[in-house]
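The structure under discussion appears below in the form of structure tokens.
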Amino acid sequence: LQPRRWGGYEMSPEVFYDIQMILGEGDMSAAWVYGIVGVHSWHLALFDDRAGQDVWGDDQDVLIASTYMPVGKLTAVEGGYRLSGRWGFSSGCDNCDWELLGAMLPDDQSGEIRQCTLLVPRSDYRIVEDSWQTIGLKGTGSKDVIVEDVFVPEYRVHHHMQGFRCDSPGNAVNDADIYRLPFGQVFIRAINSAAVGAAQGMLDAVIDYAKAKKGPYQSPTLNVTAQHTVARVSTDIADMKNTMRANFRDMLTYVARGEEIPMEKRLRYKLQATQAASRSAEIATTLFRVVGGNGLQQARPFGRMMNDLLGGRPHQFNQEPTYAT
């Protein structure tokens, strides 16, 4: 998703999230970090180009972490803002040299208080090392980040309404079609797609387990209920993957024609993305029942997989009722 002018490929988000789902088959934490840290290369392309120069000017492989929760305290000063706060859930932050941090600001056009994101270098924040002790998604390292009264220039601020309207400052130089997609449509998939891959991984593990399991007379077990469950889950996962791909292709068709994506479609696509997380968590509990009591063994992967899927479910972008009403 990184701009070609900064060493990236500018590929469709469809490709990016296909890769995330494949990673999720092996480990949902790895896929989660890939999706969230990787999507920031797309978000940075929406900032004023001076922000991209700050991050990638000397090294195009520099990574960015985030925690978008709008809890930052801002004070307007000449040329930008003073920022303070403590943010939670910064996935992959140990491996990154910058942070995207959320706060609230008056919208320039409407005057309403709206969310914005500020770009801050590693020298201006510290990571709380003991702040990620969890039962699921342990490998994401989603620790707390603290900022104490640092200056952030105006050009390192991106307003979410700019991303919603698809008229961000970075569009002046990063003009590929993918940077004209709405912010919410691209970013939300970074939160959901890891779960789809993890559901696929759990399904594959269940099938492998069932193949090796023998009945009381050392013959392969024939469990019609389990076979039906596996078949139904397989089609559910395929449906979620195909929906993601179709939605991005449809949106990019509108962008290529220079047309706005209808709001009804944008709402439906966000709901479908959110449903992927809840559907994947339901798949995990269904498959866990099929495995039976042996699934409780720590030597088997099923408990970890289910905890990871349940751990991703509470994220704000995975709250289905928010996008269904």
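Predicted model only: the values in this text are computed from it and were never measured.
When ring centroids are compared, F16 and Y34 come within the 6.0 Å threshold. Here the two rings, on H43 and F183, have centers that are under 6.0 Å apart.
The environment of CD in E260 is sparse: at most 12 heavy-atom neighbours from other residues, nucleotides or ligands sit within 6.0 Å. Around atom CD of Q298, no more than 12 heavy atoms belonging to other residues, nucleotides or ligands sit under 6.0 Å away. Annotation: E264, atom CD; neighbour count of heavy atoms from other residues, nucleotides and ligands within 6.0 Å does not exceed 12. The environment of D58 atom CG is sparse: at most 12 non-hydrogen atoms of other residues, nucleotides or ligands sit within 6.0 angstrom.
In summary, the side chains of K138 and Q133 do not present any donor paired with an acceptor at a separation below 3.5 Å, with no hydrogens or angles considered. Side-chain contact of Y17 with N192: a donor-acceptor pair under 3.5 Å is absent, judged by distance alone. A donor-acceptor contact closer than 3.5 angstrom is absent between the side chains of R300 and N294. Q2 and S41 share a side-chain donor-acceptor pair at under 3.5 Å. Remark: the D54 side chain and the Y155 side chain contain an N/O donor-acceptor pair separated by less than 3.5 Å. A side-chain donor-acceptor contact under 3.5 Å links S90 and E99. Side-chain N/O atoms of E154 and Y81 include a donor and acceptor closer than 3.5 Å.
Listed for the D239 side chain is no donor-acceptor partner under 3.5 Å among the backbone atoms of T235. Formation of a donor-acceptor pair under 3.5 Å by the S29 side chain with backbone atoms of G139 is found in this model. No side-chain donor-acceptor contact under 3.5 Å links W32 to the backbone of S91.
Note on ring orientation: taking the six-membered ring where Trp is involved, the planes of Y68 and H40 are tilted (angle from 30° to 60°).
Salt-bridge check for D175 with R180: failed, with every basic side-chain N at 4.0 Å or more from each acidic carboxylate O. Salt-bridge formation is detected for the pair R304/D27: a Lys NZ or Arg NE/NH1/NH2 atom is positioned less than 4.0 Å from an Asp or Glu carboxylate oxygen. Salt bridge status for R245 with D18: present, with a side-chain N to carboxylate O gap under 4.0 Å.
At a threshold of 4.5 Å between side-chain heavy atoms, the hydrophobic network of Ile, Leu, Val, Met, Phe, Trp and Tyr places L63 and V55 in two separate groups. Grouping the Ile, Leu, Val, Met, Phe, Trp and Tyr side chains by contacts below 4.5 angstrom, directly or via other members, places L44 with I188.
For the atom pair E14 CD and N247 CG, the distance stands at 10.5 Å (nearest 0.5 Å). Distance CG/D97 to SG/C93: 11.5 Å, rounded to 0.5 Å.
Under the side chain to side chain contact (heavy atoms under 4.5 Å, CB included) test applied with I283, the options M240, Q200, M306 reduce to a single match, M240.
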Please test Y125 against I146 for side-chain contact (heavy atoms from CB on, under 4.5 Å), starting from the C-alpha separation and ending with a verdict.
-> CA-CA 6 Å; Y125 63 85; I146 294 177; over 6 Å; no
Should E10 and Y179 be marked as a side-chain contact (heavy atoms from CB on, under 4.5 Å) after you check the CA-CA gap, both sets of side-chain angles, and the distance that decides it?
-> CA-CA 9 Å; E10 290 186 6; Y179 306 117; 3.5 Å; yes
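With a 4.5 Å cut-off on side-chain heavy atoms, K143 and W87 do not count as touching.
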